[in-house]
Amino acid sequence: MVCLNLIWRSNLEVFSLTVTANLRLLGFAPNLLELVLPISFKIAYTKVSFMSRFYVTTPIYYVNDKPHLGHAYTTLAADVLARWHRQRGDDVFFLTGTDEHGAKVQQSAEAAGLTPQALADQNAQKFKDAWSALNISYDYFIRTSQAEHEVVVRELLQRVYDAGYIYSGEYEGLYCVGCEKFMPDGELVNGRCPLHPNQDPVAQKEKNYFFKLSAFRDKLLTKLEAGEYKVIPEGRYNEVVGKLKQGLEDISISRNSVEWGVRVPWDESQTIYVWIDALINYYSATQFVPGKKEFWPADVHLLAKDILWFHAVIWEALLLAAELPLPKVVASHGFFTIDGQKMSKSLGNVIDPLDLIKEFGLEATRYLLLSQVPFTIDGDISLARFRERYESDLANGLGNTFSRVTDMIEKFGNGNFTAQPGVITYTESTSSAVENALRLFEFDTALLAIFDIIRTIDGEIEKYKPWNMVKLDKSQEIQPLLNRWGTMLLDVSLYIKPFMPETAHNIEQGLRADKVLKTTPLFPRLSS
RNA sequence: CGCGGGGUGGAGAAGUGGCAUCUCGCCUGGCUCAUAACCAGGAGAUCGUGGGUUCAAAUCCCACCCCCGCAACCA
């Protein structure tokens with residue numbers, strides 16, 4: 001009965017009957033049931049961790065921004081991981097959302113004549129719309145202005161305060177009177193605020209609460225070096241460890257002048273610095289979303305490299321201070337450049353993910369983003385290259401191969417197709433390749449491995465030349481080949497499902513029909 | 001002397017001591033089931049530069065050049 005359960009949870013409808021019939025339990029391990037499927041579909045599920053949980057997060061995006069390609073990339077990567085884990089039967093919690101507090105939102109709202117909440121409502125919706133357009137399967141969309149979130153933030157901070165890790169101090173910095181805010185060094189141009197270049201920023205002090213980040217340096221280093229939590233990729237890990245070794249300073253975690261934020265529990269005159277409030281979302285969601293308490297600690301925090309320090313050091317220190325378990329993996333990816341240039345508003349080359357969908361379609365956009373840029377490094381996006389890849393991989397590759405196989409089944413097999421257990425051993429290696437790649441967040445490598453099956457099918461078709469077999473009166477020998485190729489395509493559909501769920505569905509539908517007929521192209525050529 | 005990552009055919013990547021690999025593009029030939037798709041073959045890299053270790057170096061060591069991050073309250 002365990003078997004049945006697993007199969008249903010694995011979404012393997014296509015094969016479920018065959019698989020259950022052949023299932024054989026090998027043995028038990030402490031938390032692990034190893035199943036062996038003695039058929040040769042050898043899907044990625046030969047080994048299934050029984051009832052394992054998978055909690056993946058994206059950063060919560062600042063509502064002062066519109067969704068752009070960077071946000072889309074992180075979220076898409078998380079979506080693929082979530083779908084992949086669901087497919088293998090894991091209990092998945094996929095969290096994304098918006099970060100809504102802080103001075104910038106307050107200022108933008110004033111400028112737009114809105115309340116901060118109204119502005120946040122508006123812009124949070126833009127992110128939801130974008131994720132809906134990208135077919136993102138998040139389980140919960142958290143917003144930091146939610147009362148439930150604020151409650152957890154206050155509780156957690158109070159705990160840190162009670163433990164003695166927060167003290168009152170003075171923050172001293174350069175204050176721009178025009179902006180009415182402190183200017184970080186990085187924002188100053190020639191020592192002056194870029195928005196108010198005619199006045200010198202003045203040194204000013206304000207009362208703040210500080211978090212004893214410095215107290216956690218050794219502990220963090222020990223835990224990192226022991227692998228108690230991981231920072232991926234290795235280069236970033238080195239960076240974090242290197243910086244930790246250089247020492248840590250305490251950080252200010254409250255603001256005196258920012259109204260739009262969570263009130264400090266023991267001092268209502270201050271609000272919690274937006275970053276601290278934001279980080280806690282990963283934990284707070286598990287506490288107030290029904291049935292998710294068991295999901296903490298998170299398995300993976302996905303994020304871009306610019307916010308790694310917050311996620312790999314400050315967040316863990318806060319958790320340690322509150323005596324909560326640490327996330328298991330913090331995985332950071334690179335930035336995009338567009339046609340070799342930095343993506344920036346001032347250059348006007350910011351790509352809206354929705355424009356990509358308009359040009360290439362949803363499924364192709366998902367494929368192109370994940371296949372053309374290795375996860376951990378900065379990658380260049382060029383529309384010209386995307387078009388090239390669309391044609392070669394999707395139109396000429398997957399799409400065309402699906403067309404030729406279904407067309408041959410229709411023409412040479414009278415529409416008859418039977419999925420073939422016991423024949424295909426080829427895709428066995430794909431399964432481990434995909435698994436290994438995804439465990440390392442190498443989405444591009446995983447896709448390459450999957451698309452290798454397409455090349456193999458094309459190669460075999462060329463080798464057997466069914467159109468000649470018909471002429472040579474060998475028609476009866478064709479059917480097994482058609483079954484084999486069709487089955488390989490079903491395998492492909494299984495593997496690409498986390499990446500391209502609709503395409504996977506279309507392939508399955510096409511091959512599960514009573515009479516398999518040639519269908520409309522999966523990926524029409526762009527020129528036509 | 002701040003710390004770290006990187007420089008491999010036209011493009012993007014793999015490769016940490018032993019015939020330089022993959023995808024795309026390009027050229028030639030073949031095929032016709034298919035979305036002018038597919039298959040085969042080919043051209044194309046002194047592996048950033050100079051030196052060193054070794055029977056053997058993209059890979060180890062030294063020096064240098066170049067690109068890119070981080071450098072901490074920059075969402």
Side-chain angles (χ1 to χ4, degrees), chain A residues 59-65 71 98-105 171 173 182-188 208 210-211 213 233-255 273-276 278 304-310 313-314 334-335 337 342 371-374 376-380 382 384-385 388-389 391-397 399-412 442 444-445 447-448 451-452 454-455 457-470 478 482 518 520-528:
Chain A
I60 49 176
Y61 304 112
Y62 204 49
V63 281
N64 215 30
D65 255 345
H71 303 131
T98 41
D99 178 13
E100 311 194 340
H101 289 133
K104 285 194 185 173
V105 172
Y171 176 68
F182 286 98
M183 301 300 296
D185 291 346
E187 275 185 30
L188 295 176
N208 276 177
F210 284 76
F211 172 56
L213 185 60
E234 200 187 340
R236 298 287 158 199
Y237 167 87
N238 291 338
E239 207 169 285
V240 168
V241 168
K243 269 201 275 174
L244 273 174
K245 285 186 172 159
Q246 288 171 46
L248 278 179
E249 278 172 26
D250 295 344
I251 55 168
S252 153
I253 56 156
S254 72
R255 290 292 181 273
Y273 175 50
V274 60
W275 252 113
I276 301 301
K305 62 184 187 180
D306 56 333
I307 53 177
L308 178 61
W309 185 252
F310 291 93
V313 173
I314 296 174
F335 280 163
T337 53
K342 240 181 187 171
S371 65
Q372 295 314 303
V373 183
T376 57
I377 61 175
D378 291 349
D380 189 52
S382 104
R385 205 169 114 224
E388 221 172 73
R389 284 299 176 149
E391 296 287 339
S392 66
D393 297 357
L394 298 175
N396 300 347
N400 180 58
T401 303
F402 180 68
S403 287
R404 65 195 305 209
V405 169
T406 49
D407 189 62
M408 282 192 290
I409 292 176
E410 181 181 348
K411 283 186 180 144
F412 304 144
E442 292 172 351
D444 56 326
T445 309
L447 284 166
L448 204 61
F451 274 64
D452 201 40
I454 299 297
R455 275 181 276 281
I457 296 174
D458 278 333
E460 288 190 9
I461 292 172
E462 202 64 29
K463 181 177 160 196
Y464 290 102
K465 298 183 172 52
W467 50 93
N468 282 347
M469 295 170 78
V470 171
I478 297 179
L482 299 177
K518 188 185 173 184
T520 50
L522 292 176
F523 298 99
R525 304 189 71 70
L526 293 172
S527 44
S528 63

Take Asn468(A) and Arg236(A), find for each the nucleotide of RNA chain B with the closest heavy atom, and name the residue whose nucleotide sits nearer the 5' end. Asn468(A)

Pairwise [atom1] distance, [M] and [N] [rounded to whole Å]:
| N | M | atom1 | value |
| --- | --- | --- | --- |
| U8(B) | G2(B) | P | 26 Å |
| C26(B) | C68(B) | P | 31 Å |
| C62(B) | G5(B) | P | 14 Å |
| A57(B) | G51(B) | P | 14 Å |

What nucleic acid atoms does [X] come within less than 4.0 Å of, heavy atoms only: base, sugar-phosphate, or nothing?
| X | value |
| --- | --- |
| Phe412(A) | sugar-phosphate |
| Asn396(A) | sugar-phosphate |
| Ser392(A) | sugar-phosphate |

Ignoring hydrogens and angles, does a donor from either the side chain of Arg389(A) or the base of U23(B) sit under 3.5 Å from an acceptor on the other? yes

Intra- and inter-strand pairs of RNA chain B in dot-bracket (Watson-Crick or G-U wobble, both distances under 3.5 Å; | for another strand): .(((((((.[[[[.)..(..]]]].(((((.......))))).....[[[[[..)....]]]]])))))).....

Residue [X], side-chain atoms from C-beta onward, closest of [options]:
| X | options | answer |
| --- | --- | --- |
| Lys305(A) | A72(B), G69(B), A36(B) | G69(B) |
| Trp467(A) | A37(B), C39(B), U32(B) | U32(B) |
| Arg404(A) | C24(B), A34(B), U23(B) | A34(B) |
| Glu462(A) | C31(B), C73(B), U23(B) | C31(B) |

Taking the basic N atoms (NZ, or NE/NH1/NH2) and the acidic carboxylate oxygens, is any pair closer than 4.0 Å for Arg455(A) and Asp452(A)?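 Judged by the 4.0 Å cut-off on N to carboxylate O distance, Arg455(A) and Asp452(A) do form a salt bridge.
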
Salt bridge check, Arg236(A) against Glu239(A): does any charged N sit closer than 4.0 Å to a carboxylate O? yes

Atom pairs, N/O to N/O, protein against nucleotides 1-3 of chain B, distance under 3.5 Å?
| from | atom 1 | to | atom 2 | distance (Å) |
| --- | --- | --- | --- | --- |
| C3(B) | O4' | Gln246(A) | NE2 | 3.4 |

Nearest-Å distance for atom pair [atom1]/[atom2], residues [X] and [N]:
| X | N | atom1 | atom2 | answer |
| --- | --- | --- | --- | --- |
| Ile409(A) | A34(B) | CD1 | C1' | 13 Å |
| Phe310(A) | C73(B) | CZ | P | 7 Å |
| Leu248(A) | C73(B) | CG | P | 13 Å |

Smallest heavy-atom separation, Phe211(A) atom then Asp250(A) atom, equals O-CB, 3.2 Å

For the residue pair Pro521(A) and Ser403(A), what are the closest heavy atoms and their distance?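 Answer, listing the atom of Pro521(A) first, then Ser403(A): CA-OG, 4.4 Å.
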
With a 4.5 Å cut-off on side-chain heavy atoms, are Tyr273(A) and Ser254(A) touching? no

Are the side chains of Gln372(A) and Asp393(A) in contact, using a 4.5 Å heavy-atom criterion?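 In contact.
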
Tyr273(A) side-chain N/O to C74(B) phosphate OP1/OP2 under 4.0 Å: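 Tyr273(A) to C74(B) OP1/OP2: side-chain N or O found under 4.0 Å.
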
With sequence neighbours left out, what residues match Tyr237(A) under ring pair (Phe, Tyr, Trp, His ring centres under 6.0 Å)? none

Once rounded to the nearest 0.5 Å, what's the spacing between atom OH of Tyr464(A) and atom CD1 of Ile461(A)? 12.0 Å

Exam field: side chain Lys465(A) to backbone Glu462(A), donor-acceptor pair closer than 3.5 Å: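 Checking the backbone N and O of Glu462(A) against the side chain of Lys465(A), a donor-acceptor pair under 3.5 Å is found.
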
